[in-house]
Number of protein chains: 2
Amino acid sequence: MTLPIAARAVNTRERILRTCLRLFNDQGAATVSTNRLATELDISPGNLYYHFKTKEQIVEQLVRRFEQRLAPIQKSSPAIEAVDDFWLALHFTFEAIHDYRFVFRDADYLARTFPSARKRLQSIIAVSIATTRAQCSTLAEAGILRVNAEELQTLAFHIVFTATCWSVFAKLAADDVGDSADTGRAAYQVLTLLTPYLNEESRHYILYLRGKYRG
Amino acid sequence: MTLPIAARAVNTRERILRTCLRLFNDQGAATVSTNRLATELDISPGNLYYHFKTKEQIVEQLVRRFEQRLAPIQKSSPAIEAVDDFWLALHFTFEAIHDYRFVFRDADYLARTFPSARKRLQSIIAVSIATTRAQCSTLAEAGILRVNAEELQTLAFHIVFTATCWSVFAKLAADDVGDSADTGRAAYQVLTLLTPYLNEESRHYILYLRGKYRG
DNA sequence: GTCTATATGCGGATAGAC
DNA sequence: GTCTATCCGCATATAGAC
């Protein structure tokens, strides 16, 4: 009952991507060489080369997956009718970011080294800002968020900025070497940006949520 | 009228540091090898080695200078009596960050590769948060900023986060490849965080400043 | 598909002559 | 102080056998 050849091939390709993602997240995309990746997988460099001719191809595939992971979350924009919808979407987003944390962590290296990655990253950010603005806009129309057009834009920009860069900063500021997952803390930090602009009722709700994310 | 030998030596050392800073800022600390640095300086690798035995020593020296550059700005904390004092301090800070932008841009690489740099970076961030909190606290006592203790902490944290990571994000989000200096935009973005908590008078002042930093 | 073996180049670091 | 020459190791990439 061994798997057919085609399935085995898919499996190796899949193993490469999964393992690479893990190593990238743990050690940084710049640090993880193709050789080390092959060693970790217990396959030969030649075999790795058979599946991916360049490191760039692996990177692009992983970034593409990250993009696909974000897509359904962002599609939910119109359904954001209350603060906790926003909160939930934020949570999913941060989980995705955490699962692919190398993407933003090593953004500078990736953008510098792989032109294809650079384009994709910029696209992700542009889409994210647009989506976030749409979400905030929906909240504003529902009277939950009190902002003018300019504040809306600045807020959306700042939320995306926080989402993308938070893990870099958290890791840097942390005493320990590992990456404290704490996506809740990240979401909380973003929500704090929103707080002053919320109406009374929603602000109270935030204060309630806040209690759950402090220790 | 040639310079005495000692002075020449100091000069080469200084030239190394200056050129290295420029290359780091332009191309990234990870990308710039000691060999490329030597080539750019028109000196031999051996000569470079004479002045700095390791790349880490150069990095540490540069980070130390960045720290020293920040120090006098941070010492001015008690003198923050109005919003535009804060604004000015912010401006100086962002100028310093821009002049040493590789420090935060490549923070992950630096922290990973050079333990000495990691410690220094963490110290810089810790001091910055403390300083910022002190500044905000002064503003709060003067009735300019209306925040409770928790908001103060979160705000300080977020301000430092923005200051350190902004250039990374700005560069990533930008279409062009170069680094748009625009420290004004960065300072404006930080000030926006403060706005909702300001008293009436100061908020108007901010709105006035805002006009100067939009195109 | 997977392996072994290897080409080629660049990185940091260093010895020893001048 | 500065150079030339060079070691060593690791990176990416690849050819060719199985």
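We name chains A, B, ... by the order of the sequence lines, and we start the count at 1 in each one.
More than 12 heavy atoms of other residues, nucleotides or ligands sit less than 6.0 Å from atom CZ of A:Arg36.
For A:Arg36, the listed nucleotide lying nearest its side chain is D:dA11; candidates were D:dA11, D:dA13, C:dC3. When the nucleotides C:dG1, D:dT14, D:dA5 are ranked by their closest atom to the side chain of A:Pro45, D:dT14 comes out on top. In the set C:dG12, D:dA13, C:dT2, the nucleotide with an atom closest to the side chain of A:Lys55 is D:dA13.
When rounded to the nearest whole Å, the span between CG of B:Leu37 and P of C:dC10 equals 17 Å. Residue B:Ile43 contributes atom CD1, which lies 17 Å from atom P of D:dA5 at whole-angstrom precision. Across the protein-nucleic acid pair, A:Asn47 atom CG and D:dA17 atom C1' stand 14 Å apart, rounded to whole Å. As a whole-Å value, the separation of A:Tyr109 OH from D:dA11 P is 11 Å. Between the P atom of D:dA11 and the CZ atom of A:Phe52 lies a distance of 19 Å, rounded to the nearest Å. One can place NE2 of B:His51 at 12 Å from C1' of D:dC3, the figure rounded to the nearest angstrom. For the pair A:Ile58 CD1 and D:dT12 P, the computed distance is 9 Å after rounding to whole Å. Taking atom CG of B:Leu48 as the reference point, atom P of D:dT6 lies 20 Å away to the nearest angstrom.
A:Ala89 and A:Thr93 make their closest contact through O-OG1, 2.7 Å (heavy atoms, listed as atom of the first residue, atom of the second, distance).
Between A:Thr31 and B:Gly46, the one whose closest nucleotide on DNA chain D sits nearer the 5' end is B:Gly46.
Between B:Tyr50 and D:dT2, a side-chain N or O to OP1/OP2 separation shorter than 4.0 Å is absent. OP1 and OP2 of C:dC10 both lie 4.0 Å or more from every side-chain N or O belonging to B:Asn35. For the OP1/OP2 pair of C:dA13 and a distance below 4.0 Å, the side-chain nitrogens and oxygens of B:Thr54 include no atom meeting the criterion. For D:dT12, one of the phosphate oxygens OP1 or OP2 lies less than 4.0 angstrom from a side-chain nitrogen or oxygen of A:Thr34. A close approach under 4.0 Å does occur between a side-chain nitrogen or oxygen of B:Tyr49 and OP1 or OP2 of C:dT14. At the phosphate of C:dG12, OP1 or OP2 sits under 4.0 Å from a side-chain N or O atom of B:Ser33.
A cation-pi contact, defined as under 6.0 Å to the ring centre and within 45° of the axis, links A:Lys53 to A:Tyr49.
Tested against A:Glu40 for a salt bridge (charged side-chain N to carboxylate O under 4.0 Å, His left out), the candidates A:Arg15, A:Arg18, A:Arg22 yield a single pass: A:Arg22.
Centroid-to-centroid, the aromatic rings of B:His91 and B:Phe94 stay 6.0 Å apart or farther.
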